[in-house]
There are 2 protein chains.
Amino acid sequence: MYHVIRCSGRKGYQRKKYRQDVLFGHSGPAERYKYDSVIMSEPDSSPTTLAPKTNRGELTRQKILDAAEREIGQKGFAEASVSAITAEAAVAQGTFYLYFRNKEDVLRELVLRMGRRLRRHLTLAIADANSRLEAERAGLLAFLEFARANPNLYRVVEESQFVDPSVYHRYYDDFARNYRSALIAAEGTGEIRPGNAEIRAWALMGLAVMLGHRYGIWDTSVPLKPIADAAFDMIAVGLERRDER
Amino acid sequence: MYHVIRCSGRKGYQRKKYRQDVLFGHSGPAERYKYDSVIMSEPDSSPTTLAPKTNRGELTRQKILDAAEREIGQKGFAEASVSAITAEAAVAQGTFYLYFRNKEDVLRELVLRMGRRLRRHLTLAIADANSRLEAERAGLLAFLEFARANPNLYRVVEESQFVDPSVYHRYYDDFARNYRSALIAAEGTGEIRPGNAEIRAWALMGLAVMLGHRYGIWDTSVPLKPIADAAFDMIAVGLERRDER
DNA sequence: TATCAACATGACACTTGATTCATGTATCAT
DNA sequence: ATGATACATGAATCAAGTGTCATGTTGATA
């Protein structure tokens, strides 16, 4: 014996404001939702009630994530609606909220995904470089190739800057930290000239990001190898004319 | 003798979709709204009916633009509402639509404003450099200073990428073109090593943009001179260790 | 001081789309 | 089978703004 009334008494419906201060107004602990742990590691350990507990659930979650990557990557965060994402994923709207608290949440997750995939890609590409400079050249090329192959993820990361600056910063900070260490190590072995590794790391990232945008996303026709080589040449040798002698 | 009826018969209300294909669905000529002409020049010559025709109008327009710069710069495009902008500008909501067709329009205008101001700033900063490399160093520092002094405009430009990719591209393309010319000229005089000027230009812009974000916007406390110097050192001399003798 | 563009106002009609929730369906251990 | 738990559904709700328009107000010009 049950009631046939559907969706009548609402209750505390209250739209959350996107971004800024009171990001997730109510739940205190949710604030730390897996950031500190997962960003550098592989497996997903979610402390909230949102993580799927079965294989079926994980599959659905991935379907939604994939759909979101395409939708947000192509239309942008604002234009990509949850309904479009769920339609694309072939699940009901409500299913979305089984795995994500809101649209921001998927975006955050996608930034992490990008971080993991890119890191893996770069690690492989650099694996058999014999020097830092060689790694630099290979890494740059690999980055450009990754950008061209994953324009959606690429855009998602850039857009995260405006949706949740903190993930965006964390994303770059992570890469910067690693980069910096690598440069310092290379200084130590005398492979490169001593210099400010921190600033060099950010400068090199910026260089890669812009070229990735310009030649990976924007202009997808030109071959990437010459681009990487030309940029590498500047990085390695500098603009200054070397005196003949 | 007039009627007291207010706002009754609506009519063809029809929300426009932001961005993409049918950017401004109805009016054909509006499509070309001043892009080709104004982007590089100073004065505002607007072919539509939106341009103010009196001094009073121009003043109001500027008030709105200033308010929009702050609102969009701080809250981001999505969060910045037209009503908040007009409130900040101390004008009525309807006044907004006297000068701009929609929120996108102001953003576009702000990107142009950024372009003009930055160009002027850089031109002045570079004015008395005696070589391309000196100009490079001075320009980089000036850029970082500009970014730190104009965080709102800086963010607006970055966000334009997702609101109207074409203005964003035009913005960078303009700078790239100039930059490229300067590099080619410097090659000609033997001030710098020959190389791919196009790619160098984009690489250098990317480097500046990232450092501007990192040390101009994100971390506003560190002094900028050392940053510019360190980055310049890498640009000029390169990472490669120079063999002694 | 009459006239008329240009400028300004602000209430509100109208959409959009995020989020919730009452209800259903798989799946699996016992 | 039974029950429990996880997963899934999608119609309904409702806050948030955008863009419009009927009506005032300014101020320059004749």
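Predicted model, so just to flag it, every value in this text is computed and none were measured. Below, chains carry the letters A, B, ... as their sequence lines are ordered, and counting in each starts from 1. Values below: all heavy atoms of this structure, side chains included; hydrogens, waters and symmetry mates excluded.
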Inset, instruction - Quickly work out the A/Tyr97 OH to D/dG10 P distance and round it to whole Å. - result: 16 Å

Inset, instruction - Answer yes or no: does a side-chain N or O of A/Ser83 lie under 4.0 Å from OP1 or OP2 of C/dG17? - result: no

Legend entry - Distance, rounded to the nearest Å, where A/Leu59 contributes CG and C/dA26 contributes C1': 14 Å

Inset, instruction - For A/Phe96 and C/dG17, give me the distance from atom CZ to atom P, rounded to whole Å. - result: 15 Å

Inset, instruction - To the nearest Å, give me how far apart CD (B/Gln93) and C1' (C/dA13) are. - result: 13 Å

Inset, instruction - Describe, in one word, how the ring planes of B/His213 and A/Tyr168 are oriented to each other, choosing from parallel (under 30°), tilted (30 to 60°) and perpendicular (over 60°). - result: perpendicular

Inset, instruction - Figure out the NZ/P separation between A/Lys103 and C/dT16, and round it to whole Å. - result: 15 Å

Inset, instruction - Report the relative orientation of the aromatic rings in B/Phe146 and B/His121; use parallel for angles under 30°, tilted for 30 to 60°, perpendicular for over 60°. - result: tilted

Legend entry - Length of the line joining B/Asn102:CG and C/dT16:C1', which is rounded to integer Å: 16 Å

Inset, instruction - Measure from the side-chain heavy atoms of B/Ala92 and tell me the nearest of C/dT9, D/dT18, C/dA18. - result: C/dT9

Inset, instruction - Over 60° means perpendicular and under 30° means parallel, so classify the ring planes of B/Tyr172 and B/Trp202, tilted if in between. - result: tilted

Inset, instruction - Give a yes or no on whether a salt bridge exists between A/Glu88 and A/Lys63, defined as a side-chain N under 4.0 angstrom from a carboxylate O. - result: no

Quick test: give all pairs of protein nitrogen or oxygen and nucleotides 1-7 of chain C nitrogen or oxygen below 3.5 Å, distance rounded to 0.1 Å.
{"from": "C/dC7", "atom 1": "OP1", "to": "B/Lys53", "atom 2": "N", "distance (Å)": "2.7"}
{"from": "C/dC7", "atom 1": "OP1", "to": "B/Thr54", "atom 2": "N", "distance (Å)": "2.9"}
{"from": "C/dC7", "atom 1": "OP1", "to": "B/Thr54", "atom 2": "OG1", "distance (Å)": "3.1"}
{"from": "C/dC7", "atom 1": "O4'", "to": "B/Arg56", "atom 2": "NH2", "distance (Å)": "3.4"}

Legend entry - Rounded interatomic separation in angstrom, taking CZ from A/Arg61 and C1' from D/dC7: 15 Å

Legend entry - Residue-phosphate contact under 4.0 Å: A/Thr95 side-chain N/O, D/dT9 OP1/OP2: yes

Legend entry - Integer-rounded Å distance: C/dA18 P and A/Ile64 CD1: 14 Å

